[in-house]
Amino acid sequence: MKFSAAHFTIFNATERERLHGHNFTVEVDIHARMLGNGMCFDYGIYKDRIVALCRELNEWTILPTRSKYLRIEEAGEHVHAHFNGQCIPFLRGDVLLLPIENATLEEFAYWFLQRLCEDRDALRAHAIAAIEVRVFSGPGQSAGRRMELD
Ligand SMILES: Nc1nc2c(c(=O)[nH]1)N=C([C@H](O)[C@H](O)COP(=O)(O)OP(=O)(O)OP(=O)(O)O)CN2
């Protein structure tokens with residue numbers, strides 16, 4: 001599955017990338033017990049959820065609200081991102097504020113993982129033991145996060 005978005009990675013209090021974008025791709029590995037009938041749960045259930053989550057991120061400029069280096073100020077129809085003494089203005093209608101620490105592959109993967117693991121009853125019903133999400137910003141360039149479930 002994929003989503004297109006703009007972002008910039010913040011490396012420390014004074015260094016960041018310029019704003020740029022990617023067609024990100026998302027891979028999800030779900031480890032689950034076989035439930036008879038030659039299959040585990042119907043993975044289409046989670047495929048639909050992942051596609052819906054990709055749509056949530058698609059065609060936005062993504063800003064992290066939990067960055068220790070970026071201060072976000074919402075000002076009417078604008079959002080001001082304050083970094084290292086700079087004020088970076090965006091139109092409110094172009095920005096998606098995500099509760100992540102940085103606009104990185106690791107944090108995007110974690111965002112997907114958190115959202116997929118919200119419904120713990122469903123995870124138990126589908127006998128899911130672990131989920132790993134991997135997000136790619138280009139061929140062979142990715143980061144993954146994994147959650148083992150009790
Ligand atoms: N640990 C991380 N390090 C970096 C991340 C990240 O998400 N986690 N992200 C970046 C850059 O945002 C990203 O790599 C920019 O992509 P870049 O490789 O510069 O451009 P392309 O994907 O188009 O690849 P090219 O080799 O330029 O074609 C940096 N570090």
Side-chain angles (χ1 to χ4, degrees), residues 1-34 39-74 79-84 86 88-150:
M1 283 68 75
K2 57 91 55 191
F3 65 95
S4 302
H7 80 119
F8 54 90
T9 299
I10 296 174
F11 299 109
N12 53 52
T14 58
E15 292 176 280
R16 69 173 177 88
E17 295 178 305
R18 288 190 307 275
L19 182 66
H20 63 281
H22 300 274
N23 293 320
F24 293 92
T25 54
V26 180
E27 288 182 3
V28 179
D29 283 333
I30 299 179
H31 302 255
R33 186 160 36 85
M34 295 292 279
M39 64 189 286
C40 60
F41 67 92
D42 171 10
Y43 60 62
I45 298 167
Y46 284 86
K47 183 176 170 183
D48 291 346
R49 287 191 192 170
I50 297 158
V51 168
L53 290 173
C54 285
R55 283 207 189 94
E56 282 191 41
L57 300 188
N58 197 43
E59 297 185 2
W60 289 100
T61 295
I62 297 174
L63 295 178
T65 59
R66 293 179 178 169
S67 167
K68 59 185 175 184
Y69 302 121
L70 191 73
R71 181 171 61 85
I72 307 283
E73 176 197 6
E74 297 187 65
V79 170
H80 295 148
H82 298 272
F83 175 80
N84 187 30
Q86 291 177 319
I88 312 164
F90 296 93
L91 280 176
R92 184 76 193 80
D94 288 337
V95 166
L96 180 65
L97 300 177
L98 276 195
I100 55 178
E101 293 184 36
N102 202 347
T104 56
L105 296 178
E106 295 92 324
E107 286 293 279
F108 292 155
Y110 186 64
W111 182 84
F112 277 94
L113 192 59
Q114 288 287 88
R115 295 291 299 273
L116 289 173
C117 292
E118 278 171 345
D119 185 347
R120 293 288 171 149
D121 292 339
L123 296 174
R124 271 189 288 275
H126 297 315
I128 292 174
I131 298 183
E132 177 168 342
V133 178
R134 182 160 292 277
V135 178
F136 293 74
S137 61
Q141 186 166 289
S142 69
R145 303 291 286 270
R146 177 184 175 88
M147 189 173 287
E148 303 278 346
L149 301 148
D150 54 14

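Below, all heavy atoms of this structure are taken into account, side chains as well, without hydrogens, waters or symmetry copies.
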- Task: With rounding to the nearest 0.5 Å, note down the distance linking CD1 in Ile10 to CD in Glu15.
- Result: 11.5 Å
- Any side-chain heavy-atom pair of Gln114 and Arg145 under 4.5 Å: no
- Message: Using the ring centroid of each side chain, check whether Phe24 and His7 are separated by less than 6.0 Å.
- Response: yes
- Spacing of CG belonging to Leu123 relative to CD belonging to Glu118, to within rounding of 0.5 Å: 10.5 Å
- Looking only at heavy atoms, the pair that brings Ala5 and Leu57 closest together is CB-O, 3.9 Å
- Roughly how far apart are Arg71 CZ and Phe83 CZ, rounded to 0.5 Å? 13.5 Å
- Note on the structure: Output for pair (Ile62 CD1, Thr104 OG1), nearest 0.5 Å, gives 10.5 Å
- Task: Indicate the atoms forming the closest heavy-atom contact of Pro64 with Ala103, along with that distance.
- Result: CG-N, 4.0 Å
- Which heavy-atom pair separates Ala81 from Leu70 by the least distance, and what is that distance? CB-CD1, 4.0 Å
- Query: So, for Gln141 and Leu105, which heavy atoms are closest and what is the spacing to 0.1 Å?
  - Reply: O-CD1, 3.8 Å
- With a 4.5 Å heavy-atom cut-off, do Phe108 and Ile100 have their side chains touching? yes
- Message: Quick check: do Leu116 and Met147 have side-chain heavy atoms less than 4.5 Å from each other?
- Response: no
- Item | Side-chain heavy-atom pair Arg115, Val133 within 4.5 angstrom cut-off | no
- Message: Could you check whether any side-chain N or O of His22 sits under 3.5 Å from a backbone N or O of Ser137, counting only pairs where one atom can act as donor and the other as acceptor?
- Response: yes
- Message: Using 0.5 Å steps for rounding, measure from the CE atom of Met1 to the CD atom of Glu27.
- Response: 8.5 Å
- Message: Contact between Asp42 and Lys47 at the side-chain level, heavy atoms closer than 4.5 Å - yes or no?
- Response: no
- Query: Okay, side chain of Arg92, backbone of Val95: is any donor-acceptor separation there less than 3.5 Å?
  - Reply: yes
- Message: Do Phe8 and Leu63 make a side-chain contact, defined as non-hydrogen atoms from C-beta onward lying under 4.5 Å apart?
- Response: yes
- Message: For Ser4 and Asn23, which I'm curious about, is there any donor-acceptor pair between the side chains at under 3.5 Å?
- Response: yes
- What pair of heavy atoms forms the shortest contact from Arg16 to Phe11, and how long is it? CA-CD1, 4.1 Å
- Message: Do Tyr46 and Ile30 make a side-chain contact, defined as non-hydrogen atoms from C-beta onward lying under 4.5 Å apart?
- Response: yes
- Work out which heavy atom in Lys2 is nearest to a heavy atom in Cys54; give both atom names and the distance. O-CB, 3.3 Å
- Note on the structure: From the list Trp111, Phe112, Phe3, side-chain contact (heavy atoms from CB on, under 4.5 Å) partner of Glu56 resolves to Trp111
- Message: Would you say that Asp29 contacts Arg146 through its side chain, given a criterion of any heavy-atom pair below 4.5 Å between the two side chains?
- Response: no
- Message: Using a 3.5 Å distance criterion without hydrogens, assess whether the side chain of Thr65 forms a donor-acceptor pair with backbone atoms of Leu98.
- Response: yes
- So CZ of Arg55 and CD1 of Ile50: to nearest 0.5 Å the spacing works out to 12.5 Å
- Query: Distance-only, no hydrogens or angles: does the Glu107 side chain make a donor-acceptor pair with backbone N or O of Glu101 under 3.5 Å?
  - Reply: yes
